[in-house]
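Below: one structure, written as structure tokens.
We name chains A, B, ... by the order of the sequence lines, and we start the count at 1 in each one.
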2 protein chains.
Amino acid sequence: MRDIAREVGMEAASLYNHISSKQLLLKELLLEIAQLFTEGMKVINSQDLPSFEKLAALIRLHVDITVSHTDAISLLPSEWVHLEEPSLQAFIKLKDAYEKEFKAIITLAMKEGQLKELDPELTLFSILSTLRWLYSWYSKYSSKDIDRLKEGLIVSLLHGIKT
Amino acid sequence: MRDIAREVGMEAASLYNHISSKQLLLKELLLEIAQLFTEGMKVINSQDLPSFEKLAALIRLHVDITVSHTDAISLLPSEWVHLEEPSLQAFIKLKDAYEKEFKAIITLAMKEGQLKELDPELTLFSILSTLRWLYSWYSKYSSKDIDRLKEGLIVSLLHGIKT
DNA sequence: CCTTAAAACTAACGATTGTTAGTTTAAAGC
DNA sequence: GCTTTAAACTAACAATCGTTAGTTTTAAGG
């Protein structure tokens, strides 16, 4: 809390005029981001798209959220375990639901012959790992290149890199 | 330190008969793993293999180290930033060298027409992200399925998932 | 100008952190 | 059986943690 206070130019105690606890601060940051993904998934799933295109849209969603919320999203992979109940359960619920829907799209795409018939779990894991680590890396792309990054990821993650 | 002590069944102070500081504990864990990757890369690079096969070998290397050192490797992605000098510089040096060699193999594979001519940096990032997150996920595979996991990853990451 | 309310401050609390000092226990070698 | 040494213990330290209480400053409205 003293680090945060220094960063915003006040004393640690003064933070408590704005936020009631450190734990609540973490919760608000993480659940806000989780909501963004949940809503993005909802929008994409409501559209009448081929499942392969839904996967491409999900990749673009991750890039967009990463670019617009880089700081908060850098906490997501490692810090959510420090949430306390009931926030922890709420977060896990959103996370599990998101991954379940993501996997359902992958499975459907495989059934429809748009993807190779591989292990859907491994495929999900492989795509999500890359998208979750984006924040630590995307800064090498200028804001103008974000679209190129999106399409590059779609090729890498979906079409494959082998000739 | 008290948590670690409880886990090994002794008092926190007793740990100092075996290790001189918490910081040194972190350093030994992380640098040992970093060495494993560095040596693995050296072995693979010394072999006379097509660059595409070197990439497959690197994927197998990551799976092997993840399986054999799961606990220590789970610290690698997020905790290395807490290393103090000079260990921090030593670690970064190994990390940078590893990524540089990995990228060189990717670039060569592209030049030789074994991979599509994509952004090598993005390709590296995409592969490494997945391999670095393996630890949080591979436990769903039984020890007999490790070979299947390796080959599944090679397909996903290199050959691509699209039909 | 005076009042009021938001938001900063200082000072300190109890808990926890990594670590040290000094002591006791356990096991091995002569 | 005595000595020695490794490795456990208890007790406590200084520093840092999140947080609270009480006070002062700042700025807006009547």
Self-check item: Test side-chain contact (heavy atoms from CB on, under 4.5 Å) applied to B/Ser126 - qualifying residues, sequence neighbours left out
Solution: A/Thr130, A/Ser156, A/Leu157

Got a list of protein N/O to nucleotides 18-22 of chain C N/O distances below 3.5 Å?
| residue | atom | partner | partner atom | Å |
| --- | --- | --- | --- | --- |
| C/dG18 | OP1 | B/Lys22 | NZ | 2.7 |
| C/dG18 | OP2 | B/Met1 | N | 3.0 |
| C/dG18 | N7 | B/Arg2 | NH1 | 2.7 |
| C/dG18 | O6 | B/Arg2 | NH2 | 3.1 |
| C/dT19 | OP2 | B/Tyr16 | OH | 2.5 |
| C/dT19 | OP2 | B/Lys22 | N | 2.7 |
| C/dT19 | O5' | B/Tyr16 | OH | 3.1 |

Atom pairs and distances, donor-acceptor, side-chain atoms in residues 52-77 of chain B, under 3.5 Å, two or more places apart:
| residue | atom | partner | partner atom | Å |
| --- | --- | --- | --- | --- |
| B/Lys54 | NZ | B/Asn45 | OD1 | 3.3 |
| B/Arg60 | NE | B/Glu151 | OE2 | 3.2 |
| B/Arg60 | NH2 | B/Glu151 | OE1 | 3.4 |
| B/His62 | NE2 | B/Tyr98 | OH | 2.8 |
| B/Asp64 | OD1 | B/Lys150 | NZ | 2.8 |
| B/Asp64 | OD2 | B/Lys150 | NZ | 3.4 |
| B/Thr66 | OG1 | B/His62 | O | 2.6 |
| B/Ser68 | OG | B/Asp64 | O | 3.0 |
| B/Ser68 | OG | B/Ile65 | O | 3.4 |
| B/Thr70 | OG1 | B/Thr66 | O | 2.8 |
| B/Thr70 | OG1 | B/Val67 | O | 3.3 |
| B/Thr70 | OG1 | B/Tyr138 | OH | 2.9 |
| B/Ser74 | OG | B/Asp71 | O | 2.7 |

Practice problem: For B/Asp48, enumerate each residue passing the side chain to side chain donor-acceptor pair (under 3.5 Å) test, keeping only those at least two apart in sequence or located in another chain. | Solution: none

Side-chain donor-acceptor pairs of residues 27-34 of chain B under 3.5 Å, sequence neighbours excluded:
none

Practice problem: Could you note down all residue pairs passing salt bridge (charged side-chain N to carboxylate O under 4.0 Å, His left out) where residues 81-98 of chain B supplies at least one of them, sequence neighbours left out? | Solution: B/Lys95-B/Glu99

Anything under 3.5 Å between a donor and an acceptor, one on a side chain of residues 103-113 of chain B, the other on a protein residue two or more places apart or in another chain? List them.
| residue | atom | partner | partner atom | Å |
| --- | --- | --- | --- | --- |
| B/Lys103 | NZ | B/Glu121 | OE1 | 2.5 |
| B/Thr107 | OG1 | B/Lys103 | O | 2.9 |
| B/Glu112 | OE1 | B/Ser51 | OG | 2.8 |
| B/Glu112 | OE1 | B/Gln114 | NE2 | 2.8 |

Quiz item: Does any residue of residues 74-82 of chain A have a heavy atom under 4.0 Å from DNA chain C, and if so, which ones, in number order?
Solution: none

Quiz item: Who are the ring-ring contact (aromatic ring centres under 6.0 Å, His included) partners of B/Trp80, not counting sequence neighbours?
Solution: B/Phe91

Exercise. Could you tell me which residues satisfy side-chain contact (heavy atoms from CB on, under 4.5 Å) with A/Val8, sequence neighbours excluded, listed by chain and number?
Key: A/Met10, A/Leu15

Self-check item: Contacts of type side-chain contact (heavy atoms from CB on, under 4.5 Å), residue A/Ser21, not counting sequence neighbours
Solution: A/Gln23, A/Leu24

Quick test: give all pairs of protein nitrogen or oxygen and nucleotides 23-28 of chain C nitrogen or oxygen below 3.5 Å, distance rounded to 0.1 Å.
none

